[in-house]
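Report on the structure given below.
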Amino acid sequence: MSILFADKSWPELKEAIEKNTLIILPVGQTEEHGMHLPVKTDAIIAEEVTKRVAEKIKKEIPVLVMPTIWQGYSMKKVAEWPGTIRLKPETFMEMVFDILSSLIEMGFKKIILISAHGNHTGMLRIVVRKIADEYKIFTALTYPSVMAKEEFAKISKAGPGGSTHGGEYETSLMLYLRPELVNMKKVTSEDKLVYRSQFYPNKVFWSTWGIQKTKTGIYGDPTVATKETGKKIMEAILKNYTEFIKEFYYRGDN
Ligand SMILES: [Zn+2]
């Protein structure tokens, strides 16, 4: 049976609402990811993670996966390379708010966002707050990269500055998920983020794009990325999401 929201008829969705089905909304973006990764990298990661997480928990928790958001906000700087689709922050926030409010108004109460694009963080937090104010429904905003952060830090070869944008983390995941879309002949370590500060990145928010120039549109070192690392990242993501989703579904207020 399909776990995709968009495959269902309205009577099937009515039944899903009655079962208090969990909705997961994958949020990606379309933007350049250097010379070796497709521009849809963030959307692919969000979608693949969401589908795998949903498949893993569906026996225990009723779940449906929304169509992936592939368009959103990227800094203008990233549009220096072809492939970046830029919505205004306001447009993106209104779009996500309207998608969530549509789901809530039709009766869904448990909603998780799985976001794979760093630029969206602040905007999505505001949307989640606005939804809570408006509907008293507390949605959860999550990031695969944060879910797997500790496990990835233990196996990362690139180290600090090696996995910001198009680096070891994303390239490894893509080698595992969609190897046919990765061109390892084009990888380079020349745009590894080498800037070091006692403040960045833990104490201040300061965009990588304003810290150090990039020649190829990435910040990181994809040369050390491997399919094996991608597999381990995905295992960590699945393990941590499974635990969190149980907590969210059974213990949250709504
Ligand atoms: Zn990305």
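Order of appearance sets the numbers: ligands from 1, and atoms from 1 within every ligand.
Among heteroatoms of the N, O or S kind in Asp42, OD1 lies nearest the Zn ion (ligand 1). Among heteroatoms of the N, O or S kind in Glu170, OE2 lies nearest the Zn ion (ligand 1).
For Tyr195, the ring-ring contact (aromatic ring centres under 6.0 Å, His included) test picks out Trp206, with sequence neighbours left out.
Within a 6.0 Å radius of CD in Gln212, more than 12 heavy atoms belonging to other residues, nucleotides or ligands are found.
At least one N/O/S atom of His33, whether from backbone or side chain, sits less than 2.8 Å from the Zn ion (ligand 1).
With hydrogens and angles left out, the side-chain atoms of His120 and Asp42 include no donor and acceptor closer than 3.5 Å. Between the side chains of Tyr169 and Ser145, no donor-acceptor pair of N or O atoms lies under 3.5 Å.
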